[in-house]
Amino acid sequence: WGFAEDDEGNLYVANTEGILIFNGMNWQMVTLPNHRVPRCIYRGYDGKIYAGGFETIGYIDRTDPSRPLFVEIGQKILKGTEEEIWNITGNENQIMFQSFSLMIFQDENGLELYQPQDNIMFGRWIGNGLYVPRIQQGLYVFENGHERTITPTIIPPTAIISGLEAYGNDSILIATRNYGLFIL
């Protein structure tokens, strides 16, 4: 489902069985609570390796490298929601865990839930802003603690944005599911 690398060069691979850790010679397995499938994995600004799955988010604790553990951090927010975390992204001071209908932000102050009005696709930080495609049309943009919605007129109204990438110094390359690429 995904992979990440820690500061020591260990490779973390999220697959259907759990999270595999490879140090160059040996593999270890870390399972999520109730053997849930980790759907995404990400190295955060704090050096921790985070993962998300069905009703769970957390990080790998390697205090004892011979017995790595998954530490849940979002039980209060996710329990009973039936939400599956499919995307994790971050910047230099924040991490965002995302399903198709909610986002959970983590920073030094803890966790904060955000529920957008529309269903969403995978968000990504580009420059100083977090860009999150809306499934209906347009993008949510989070900059300097403020949210706004932009609807690029160059993209057909029925297009579904499936990817975002920085393009040049001040543009964004937008990939759509059926209409090709656009520059914003």
Side-chain angles (χ1 to χ4, degrees), residues 1-23 27-62 67-107 110-126 129-136 139-140 142 160-166 174-178:
W1 293 103
F3 61 91
E5 183 178 353
D6 69 14
D7 292 337
E8 298 170 3
N10 296 306
L11 179 65
Y12 295 73
V13 182
N15 72 22
T16 303
E17 300 300 317
I19 299 169
L20 293 167
I21 304 171
F22 184 61
N23 68 3
W27 292 92
Q28 292 176 293
M29 172 74 81
V30 176
T31 57
L32 273 60
N34 301 315
H35 295 282
R36 293 188 168 139
V37 176
R39 299 295 186 187
C40 52
I41 194 161
Y42 181 79
R43 182 191 173 279
Y45 67 89
D46 54 6
K48 292 180 182 175
I49 302 297
Y50 291 90
F54 182 76
E55 291 186 354
T56 189
I57 57 175
Y59 64 91
I60 305 295
D61 179 355
R62 292 203 58 213
R67 297 185 57 101
L69 303 168
F70 182 78
V71 178
E72 279 192 279
I73 60 173
Q75 303 96 315
K76 290 181 183 177
I77 293 174
L78 288 170
K79 187 175 181 178
T81 63
E82 296 192 14
E83 291 290 336
E84 187 129 23
I85 303 301
W86 287 94
N87 183 44
I88 306 172
T89 187
N91 64 11
E92 60 277 346
N93 59 18
Q94 196 171 47
I95 296 169
M96 189 266 294
F97 303 88
Q98 178 185 351
S99 72
F100 291 111
S101 62
L102 62 79
M103 297 183 289
I104 301 169
F105 292 91
Q106 180 194 0
D107 60 18
L111 297 173
E112 182 179 337
L113 175 65
Y114 176 79
Q115 293 183 286
Q117 294 176 0
D118 300 303
N119 287 337
I120 51 178
M121 296 294 285
F122 297 164
R124 177 165 180 160
W125 258 282
I126 298 175
L130 172 61
Y131 292 79
V132 181
R134 296 169 50 192
I135 289 180
Q136 300 302 322
L139 299 161
Y140 288 111
F142 298 85
I160 295 175
I161 296 172
S162 57
L164 303 166
E165 186 68 40
I174 299 175
T176 62
R177 187 176 291 166
N178 295 319

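These values consider heavy atoms only, across backbone and side chains, with no hydrogens, waters or symmetry-generated copies. Throughout, residue positions are numbered sequentially from 1 according to the sequence presented.
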*Enclosure of Gln75 CD (heavy-atom neighbours >12, cutoff 6.0 Å)*: yes

_Can you give me the closest heavy-atom contact between Ile85 and Ser99, atom names plus distance?_
CD1-N, 4.1 Å

*Looking only at heavy atoms, which two atoms of Pro116 and Ser101 are closest? And how far apart?*
CD-O, 3.5 Å

*Could you state the interatomic distance from CD1 (Ile161) to CE (Met121), rounded to the nearest 0.5 Å?*
9.5 Å

*Minimum heavy-atom distance Tyr131-Gly129, with the two atoms named*: CD1-O, 3.5 Å

*Under the 3.5 angstrom rule, does the side chain of Tyr140 hit a backbone N or O of Gly123 as a donor-acceptor pair?*
no

_Residues forming a salt bridge (Lys or Arg N to Asp or Glu O under 4.0 Å) with Asp107, sequence neighbours excluded_ = none

*If you look at every heavy atom in Gly74 and Leu111, which pair is closest and at what distance?*
CA-CD1, 3.9 Å

*Enter the distance from Trp1:CH2 to Thr16:OG1 here, rounded to the nearest 0.5 Å.*
6.0 Å

_Going by side-chain hydrogen bond (donor to acceptor under 3.5 Å, both in side chains), name the residues that satisfy it together with Thr89, two or more places apart in sequence or in a different chain._
none

*Does Phe70 have its ring centroid less than 6.0 Å away from the ring centroid of Tyr50?*
no

_Sequence-distant partners of Glu165, salt bridge (Lys or Arg N to Asp or Glu O under 4.0 Å), two or more places apart_ = Arg124

*Given Ile21, Val71, Ile41, Leu69, the one that forms side chain to side chain contact (heavy atoms under 4.5 Å, CB included) with Ile60*: Ile21

*Which atoms form the tightest heavy-atom contact between Gln94 and Trp125, and what is the distance?*
OE1-CZ2, 3.3 Å

_Nearest 0.5 Å, please: how far is CE in Met96 from CG in Asn91?_
10.0 Å

_With a 6.0 Å cut-off (strictly less than), is the heavy-atom count around CZ of Phe122, excluding the residue itself, greater than 12?_
yes

*After noting the C-alpha distance and the side-chain angles of Ile88 and Ile95, does the key distance pass the side chain to side chain contact (heavy atoms under 4.5 Å, CB included) rule?*
CA-CA 7 Å; Ile88 306 172; Ile95 296 169; 3.6 Å; yes

_Nearest 0.5 Å, please: how far is CZ in Phe100 from CG in Asn119?_
9.0 Å

*Checking Asp46 side chain against Lys48 main chain: does a donor-acceptor pair fall under 3.5 Å?*
yes

*State the CG-CG distance between Leu11 and Leu20, to the nearest 0.5 angstrom.*
9.0 Å

*Go through the steps for Ile57 and Ile77 under the test side chain to side chain contact (heavy atoms under 4.5 Å, CB included), then give the verdict.*
CA-CA 10 Å; Ile57 57 175; Ile77 293 174; over 6 Å; no

*Would you indicate whether the side-chain heavy atoms of Asn178 and Thr176 approach each other to under 4.5 Å?*
no

*Given side chains that start at C-beta, do those of Leu164 and Ile174 come closer than 4.5 Å, heavy atoms only?*
yes

*Could you list all the salt bridge (Lys or Arg N to Asp or Glu O under 4.0 Å) pairs where at least one residue sits in residues 1-10, not counting sequence neighbours?*
Asp6-Arg62, Asp7-Arg43

*What pairs of residues pass the side chain to side chain donor-acceptor pair (under 3.5 Å) test when at least one of them lies in residues 51-60, not counting sequence neighbours?*
Thr56-Glu72

_Pair Met103-Phe142, side chain to side chain contact (heavy atoms under 4.5 Å, CB included): steps then yes or no_ = CA-CA 12 Å; Met103 297 183 289; Phe142 298 85; 3.4 Å; yes

*Taking C-beta and beyond as the side chain, do Phe22 and Val13 meet within less than 4.5 Å on heavy atoms?*
no

*Evaluate the criterion side chain to side chain contact (heavy atoms under 4.5 Å, CB included) for residue pair Ile49 and Asn10; output intermediate values, then yes/no.*
CA-CA 10 Å; Ile49 302 297; Asn10 296 306; over 6 Å; no

_Per the salt bridge (Lys or Arg N to Asp or Glu O under 4.0 Å) rule, what does the pair list look like for residues 84-101, sequence neighbours excluded?_
Arg39-Glu84

*Of all heavy-atom pairs between Val37 and Asn15, which one has the smallest distance, and what is that distance?*
CG1-O, 4.2 Å

